Amino acid sequence: MVAVETGRLGSAVRSEFPILAHTTYLNSCSQGALSHRVRSAYEEYLAGWDENGAEWVVWVERADAARAAFARLLHAEPTELAVTTSVTQGVSGIVSALDLVTRPKIVISEHEFPTVGQIAHAQELRGAEVVHVAPEPDGSIAPERFAEAIDERTALVCCTTVSYRTGHRHDVAEIARLAHDAGALCLADSYQAIGAIDFDARALGVDFVTGGTVKYLLGSSGLGFLYVRSGLLPQLLPTQTGWFADEDIFQMDISDYSPAADARRFDAGTPPVPNIYAGLAGMSLIEEAGTTAIEEHVAALATRLIDGLEELGAQVATPSDPARRGPLVCIRSTDVRALVDVLAAERITCSERDANLRVSLHLYNVEDDVDRVLDGLRRNRSLLG
Ligand SMILES: Cc1ncc(COP(=O)(O)O)c(C=O)c1O
């Protein structure tokens, strides 16, 4: 088994997360664990509101601090980031900027999160044609399948970075290259990756990246981001907009549409201030640990888990090659609801999608967590596929 290095990771950070004192928490793919720091950030927001009433200047500064934090996590510039309330807002903003007359086609992988698929299909009302790219029998989605679907009528290609259903990591760089060869744009929904892997938007060459703070960024719901590659901005005008997307927010001008020159043109209304306080606190924990160190830590834990699952004879839906997976390991089950419940009864928190048990690993997990879930699965061997 692979040994896991600990620095500001694993046991060194566990006391920051009260739930870990009593629960084997393997559900960061759904919601990251609550930290003392995030709880204090909410209290700070309430205290400022209580003390000073409307703290608009501070709140706008906090929104820009979140923009800068997202940019650092993506190795991008703050001018390439919109602060959103969700992935949904970001994707809706993108499609609202597309010319679907000249290029009516939107290509999506079968592993897109429902919101991406539903927004794509909603564009059929505007004349869009949506093409799905199917996975291989092993659950991977090969770039060649994307190549077959993309053509000169394609406006947008959506390829999620890490599948929320199987844990496969897709070859975003190659899919972006295929999209660009046909003159199309490429979106990587990276919610299941950001905070748990080192993510370089520019190196991947992708046009848009979206995600949020609920999972591996350790914040709460109601805060997300949209990265827009800077070179694209002059040609992209979202028609889904709002006053916080205007070039001068406080001019209060209702006579025209004058969006910000940078990616803030994809912001919308009043920023989600409480969630920004929480998101900043969560992201600070990630930045202190460092995404490269987190990625190594999580990869070693996932390897330990997959090795143990193989010894158990379980069917693992996620690839064993660390380059082809992220923090999520999915295991086939004959009755996944029952399996989640029996593990929960032992205070082991996992989740489910399709017929897969989802075990997700993050900076605060340790080898003992992996061994506990393996023991739980050994005791419930009959529920494994
Ligand atoms: C891959 C992925 N995309 C998007 C979402 C959520 O989208 P939204 O922020 O619009 O709720 C999730 C989380 O549940 C997800 O796992």
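All values derive from a computational prediction rather than experimental measurement. Both ligands and their constituent atoms are indexed starting at 1 by order of listing. Here, residue 1 is the first one in the sequence, and each next residue gets the next number.
Residue contacts with ligand 1: Gln192 is placed with a nitrogen or oxygen under 3.5 Å of a nitrogen or oxygen of the ligand (distance criterion only).
In this structure, Tyr164 and Phe113 have perpendicular ring planes: the angle between them is above 60°, well past the 30° mark. Ring geometry for Phe266 versus Phe208: interplanar angle over 60°, hence perpendicular rather than tilted (30 to 60°).
Looking only at heavy atoms of the protein, atom 6 (C) of ligand 1 is closest to Phe113 CE2, 3.6 Å. For atom 7 (O) of ligand 1, the closest non-hydrogen atom on the protein side is Val87 CB, 3.6 Å.
The distance from ligand 1 to the heavy atoms of Ser86 drops below 4.0 Å at these ligand atoms: 8 (P), 9 (O), 10 (O).
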**Prompt:** Which is it for His121 and His132 under the ring-ring contact (aromatic ring centres under 6.0 Å, His included) test, yes or no, and what are the steps along the way?
**Reply:** CA-CA 11 Å; His121 281 285; His132 287 223; 5.1 Å; yes

**Prompt:** Which is it for His168 and Asp138 under the side-chain hydrogen bond (donor to acceptor under 3.5 Å, both in side chains) test, yes or no, and what are the steps along the way?
**Reply:** CA-CA 10 Å; His168 278 86; Asp138 71 355; 4.6 Å; no

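By the criterion of a heavy-atom distance under 4.0 Å, both the backbone and the side chain of Thr88 are placed next to ligand 1. Under 4.0 Å from ligand 1, not a single heavy atom of Gln89 appears.
When the heavy-atom distances from atom 2 (C) of ligand 1 to Ile194, Val214, Asp189, Leu223 are ranked, the shortest goes to Asp189.
Remark: the backbone N or O of Arg202 is not paired with any side-chain donor or acceptor of Arg229 at under 3.5 angstrom. No donor-acceptor distance shorter than 3.5 angstrom exists from the side chain of Arg145 to the backbone of Ala134, with no hydrogens or angles considered.
Residue contact check for ligand 1: Lys215 places a non-hydrogen atom closer than 4.0 Å to it.
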